[in-house]
Amino acid sequence: MTAGNRIVLSSDHSAIALRQAIAAHVEAQGWAAVDIGPTTPESTSYPEQGAAAARLVASGDCRFGIVLCGTGQGIMMAANKVKGIRCGVCADTFSARMIRQHNDANMLAIGARVVAEGLALDIVDAFLAAPFDGGRHVARVAMIGALEG
Ligand code: RB5
């Protein structure tokens, strides 16, 4: 198993079932799902779960991260506080494709109370299938990194 085929999955308590469905979905495609939970429904803090996933991506241990909370927004905000992370929250496949092609996103956030499972799996597929376009986008992505200080 290499970092190149590892996807870390994380959520808070509101998104356990969808996270597990996504883990099974990506495993069926040949990815290695690194599911860091939670597995029980007690209240869990999305900032901790988002940061833990983001650190595995930023360190190079995992190629991508997929994080979920009720809206996707809180866990996306937490993930983006980790240096080197570019995480977008998506509720449509167009955005999921574009955050890879233009923004070289390395993490995807989804709101489990916003998006039903079928669309969520399509969003994941769009994200994973799209390459970074490079070219004119390289300098702009570097500008995002420069903002990290
Ligand atoms: C938890 O109730 C909820 O606040 C959380 O899942 C998320 O939506 C926060 O952004």
Side-chain angles (χ1 to χ4, degrees), residues 1-12 14-16 18-37 45-149:
M1 191 183 296
T2 67
N5 80 333
R6 283 160 62 88
I7 301 175
V8 57
L9 293 112
S10 182
S11 76
D12 71 1
S14 70
I16 293 172
L18 183 56
R19 191 196 74 241
Q20 291 174 337
I22 293 171
H25 183 72
V26 299
E27 287 266 1
Q29 296 176 355
W31 294 90
V34 179
D35 190 341
I36 62 170
S45 293
Y46 61 83
E48 293 174 347
Q49 289 298 119
R55 289 187 191 108
L56 288 177
V57 176
S59 71
D61 189 64
C62 293
R63 173 65 186 93
F64 292 121
I66 300 175
V67 289
L68 304 98
C69 64
T71 59
Q73 302 290 351
I75 203 161
M76 175 273 289
M77 292 177 195
N80 277 321
K81 293 296 184 185
V82 175
K83 190 169 184 174
I85 294 304
R86 291 176 301 280
C87 181
V89 59
C90 293
D92 65 276
T93 57
F94 175 77
S95 298
R97 178 163 56 84
M98 294 304 287
I99 65 170
R100 287 288 306 127
Q101 290 184 348
H102 286 194
N103 313 120
D104 198 17
N106 48 17
M107 293 186 68
L108 168 67
I110 298 174
R113 293 174 177 158
V114 180
V115 178
E117 181 178 312
L119 177 55
L121 298 181
D122 284 352
I123 288 168
V124 168
D125 288 346
F127 177 83
L128 294 176
F132 178 45
D133 281 351
R136 72 184 192 279
H137 304 293
V138 171
R140 291 171 183 151
V141 171
M143 288 178 196
I144 296 174
L147 294 170
E148 293 172 335

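One is the number of the first residue; the rest follow in order along the sequence.
The OG atom of Ser95 sits 10.5 Å away from atom CG of Leu108, with the distance rounded to the nearest 0.5 Å. Remark: Asp35 CG to Ile66 CD1 distance equals 10.5 Å, nearest 0.5 Å. To the nearest 0.5 Å, atoms OG (Ser10) and CD (Glu48) are separated by 10.0 Å. The OG1 atom of Thr71 sits 7.0 Å away from the CE atom of Met77 when rounded to the nearest 0.5 Å. Taken to the nearest 0.5 Å, the CZ atom of Arg86 stands 8.5 Å off from the CG atom of Asn103. Of the inter-residue distances, the one linking Cys87 atom SG with Ile99 atom CD1 reads 7.0 Å to the nearest 0.5 angstrom.
Screening Asp92, Ile22, Val115 for a side chain to side chain contact (heavy atoms under 4.5 Å, CB included) involving Ile123 leaves a single residue, Val115.
The two residues Ser14 and Cys69 come nearest to each other via the heavy atoms OG-C, 3.3 Å. When all heavy atoms are compared, the tightest approach of Gly30 to Asn5 is O-ND2, 3.8 Å. Contact record, Ile36 with Ala53: CD1-N, 3.7 Å, taken as the closest heavy-atom pair. Between Leu18 and Ala120 the shortest heavy-atom distance is CD1-CB, 3.8 Å. Considering all non-hydrogen atoms of both residues, Ala109 and Met76 come closest at CB-CB, 3.7 Å. Of all non-hydrogen atoms in Lys83 and Ala58, the two that sit nearest each other are O-CB, 3.5 Å.
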Pair up each side-chain donor or acceptor in residues 132-148 with any protein partner under 3.5 Å, not counting sequence neighbours, and list the distances.
| from | atom 1 | to | atom 2 | distance (Å) |
| --- | --- | --- | --- | --- |
| His137 | NE2 | His102 | NE2 | 3.4 |
| Glu148 | OE1 | Gly84 | N | 3.4 |
| Glu148 | OE2 | Gly84 | N | 2.8 |

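Listed by first and then second residue, the side chain to side chain donor-acceptor pair (under 3.5 Å) pairs involving residues 109-122 amount to none (not counting sequence neighbours).
Between the side chain of Arg100 and the backbone N or O of Ala129 there is no donor-acceptor pair closer than 3.5 Å.
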- request: Check the pair Val124 / Ile110 against side-chain contact (heavy atoms from CB on, under 4.5 Å), numbers first and verdict last.
  value: CA-CA 9 Å; Val124 168; Ile110 298 174; 3.9 Å; yes

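For the pair Val57 and Ile85, the minimum side-chain heavy-atom distance is below 4.5 Å. The closest side-chain heavy-atom distance from Arg6 to Leu56 is not below 4.5 Å. Residues Met107 and Val67 have side chains in contact (heavy-atom distance under 4.5 Å, counting atoms from C-beta outward).
Crowding of Arg55 atom CZ: a count of heavy atoms from other residues, nucleotides or ligands under 6.0 Å not exceeding 12.
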